[in-house]
Number of protein chains: 2
Amino acid sequence: MTGRLQNELKKKRPFEEMEEEVVLNLLRTNDQFGNRFGRLFREYGLTSSQYNVLRILRGEGKPMPSLEIAERLVQVVPAITGLIDRLEKQGLVVRQRCTEDRRVVYVEITEKALGILKQIDKPLTKLHKRLLGHMPRAELKTLSRLLEKARQSLAGDEGGL
Amino acid sequence: MTGRLQNELKKKRPFEEMEEEVVLNLLRTNDQFGNRFGRLFREYGLTSSQYNVLRILRGEGKPMPSLEIAERLVQVVPAITGLIDRLEKQGLVVRQRCTEDRRVVYVEITEKALGILKQIDKPLTKLHKRLLGHMPRAELKTLSRLLEKARQSLAGDEGGL
DNA sequence: TGCAATTAGTTTACATGTAATCTATTCTCA
DNA sequence: TGAGAATAGATTACATGTAAACTAATTGCA
C-alpha cells in the first residue's frame with residue numbers, strides 16, 4: 001500500500017512529498033471507512049448524514065434549531081433543509097416552529113428514530129472494532145492526537161478563505 | 001473541575017470510545033482539508049474529483065481506459081462517466097474508442113488541461129504547506145503510517161461487506 | 001462452433017455537498 | 001420609531017457518490 005501511494009507521487013522535495021502523502025492517506029482512509037459505515041447505516045434505511053443528524057439529536061436530548069444541527073455536522077447551511085425534509089418524511093423527526101422567534105425551526109427526534117438508533121448501536125460498535133480493533137490503544141491515541149493537531153492550522157478560521 | 005479521576009470512572013468502555021474518537025477525527029479532518037482543496041481547485045474552474053482525474057492522467061503520461069481511472073480514484077464505476085463527460089465538455093480531455101477492443105474508451109488529457117494543472121501546482125504546494133507545515137516531519141511520517149495501518153483492516157476486502 | 005459468463009461503459013434514480021440568492025423575522029441604533 | 005443590518009431557513013442550480021439495471025463487445029469452454 002505504501003509503495004503504491006508513493007508511486008503516484010511526483011518526486012519533488014521530501015518534505016512536500018510527506019505532506020502530500022498525509023493528505024492522500026487521509027482521503028483514502030476516510031473514503032474506505034466512510035463506505036463501510038455508509039453500508040451499515042443503509043441496512044437500517046439511513047444515510048450517513050441522516051444517521052449523524054439523529055445521533056446529534058439523541059445526544060442533545062431535546063429539540064434543536066436546524067442551524068445548530070448543521071453547525072455540529074460541519075456542513076454548510078443549505079444542505080440541512082433537504083436532510084431534515086427527508087427525515088421528516090420518514091417520520092424520524094418532527095419540525096416545530098418556535099413561538100418566540102418565528103424564524104427558528106426546532107427539530108425533534110421521534111421514538112421511531114430512537115428505536116432505530118438503538119438497533120444500530122451494537123453493530124456500529126462492532127464495526128468500529130473491526131476497522132480499528134487491530135490497533136493498540138496507544139496508537140489510536142496517537143492517531144487521534146495527530147489528526148487534531150493537523151486541524152490546528154485551520155483553527156479559528158473555519159469560514160475564511 | 002470535578003476531576004480527572006471521576007472522568008475516568010465515568011468512562012464506560014474506554015477502548016470503544018477511543019475508536020469512535022479516531023473515526024470522528026478522521027471525518028472532521030478530511031472534511032475541513034477537503035473544503036480547502038476544493039476551494040483552491042474551484043478557482044481554476046475544477047472540482048476536486050476533476051482535478052484528481054486530470055492529475056492521474058498527467059501522471060500516467062498516456063491515454064487511459066475509463067475504468068482504470070475510476071479504480072485509482074477509489075470511486076465506484078457509474079460516477080466516472082459523468083465526470084469524464086464534463087471534462088470533455090470543458091475541453092480538458094478527449095475520448096477515443098479503442099479499435100481492438102471496442103468496449104474500451106480511452107481518455108486522453110489535453111494541452112489545455114496540462115496548462116491548468118501547471119498553474120495549480122504551486123498554489124497547491126503552498127496549501128499543503130499551510131495545512132501541514134506546522135507539523136514536524138516525524139509527526140507527518142507517524143500520521144501517514146498510522147493511517148495506512150488503520151486501513152489494513154480492509155486489505156484485500158475492498159468490495160466485500 | 002455457439003452460447004453463457006465476463007467485461008467496459010452507460011443510464012437512471014436518489015441523497016448529498018456547495019454556492020448563490022431569496023424570504024421572513026428580529027435586532028440595532030441613530 | 002423606522003430603516004438598514006443581521007439571522008434563520010428555504011430555494012435553485014450544479015457536481016458528485018451510490019446502487020441497480022442495461023447495452024455492447026469479448027471470452028471461455030463444452
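The analysis underlying the following values was restricted to heavy atoms, covering all of them including side chains, and did not include hydrogens, waters or symmetry mates. Chain naming here is simple, since letters A, B, ... match the order of the sequence lines and numbering starts at 1 in each.
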B:Phe37 has an atom CZ; how far is it from atom C1' of C:dG17, in whole Å? 18 Å

Euclidean distance, atom CD of residue A:Gln32 to atom P of D:dT18 [Å, nearest integer]: 11 Å

CD1-CD distance between A:Ile80 and A:Glu68, expressed to the nearest 0.5 angstrom: 11.5 Å

Output the rounded distance in Å from CZ (B:Arg36) to P (C:dT18). 12 Å

So, does B:Thr47 get its side chain near the phosphate of C:dT18, meaning an N or O under 4.0 Å from OP1 or OP2? no

Basic-acidic side-chain contact under 4.0 Å: B:Glu108, B:Lys62: no

Can you tell me the distance, in whole Å, between the CD1 atom of A:Ile69 and the P atom of C:dG17? 14 Å

Determine whether A:Tyr51 and A:Leu117 make a side-chain contact, defined as any pair of heavy atoms from C-beta on separated by less than 4.5 Å. yes

Can you find a pair of side-chain heavy atoms, one from A:Asn52 and one from A:Arg55, that are under 4.5 Å apart? yes

So, does B:Arg97 use its side chain to make a donor-acceptor pair with the main chain of B:Val105 at under 3.5 Å? no

Please work out which residues in residues 78-105 of chain A have a non-hydrogen atom less than 4.0 Å from an atom of DNA chain C and list them by number. A:Pro78, A:Ala79, A:Leu83, A:Arg86, A:Glu100, A:Asp101, A:Arg102, A:Arg103

Without hydrogens or angle criteria, can the side chains of B:Asn25 and A:Arg145 be said to hold a donor-acceptor pair below 3.5 Å? no

Can you check the A:Met64 CE to D:dG9 P distance for me, whole Å? 11 Å

In whole angstroms, how far is the P atom of C:dT16 from the CG atom of B:Asn35? 17 Å

Any side-chain N or O of A:Arg42 less than 4.0 Å from the OP1 or OP2 oxygen of D:dT18? no

A:Leu67 CG to C:dT23 P: how many Å, rounded? 18 Å

Winner on side-chain proximity to A:Ser49, out of C:dG17, D:dT16, C:dG9, is C:dG17

Assess whether a salt bridge exists between A:Asp121 and A:Arg58, defined as any Lys/Arg side-chain N lying under 4.0 Å from an Asp/Glu carboxylate O. yes

Round to a whole Å and report the spacing from CD of B:Glu71 to P of C:dT7. 12 Å

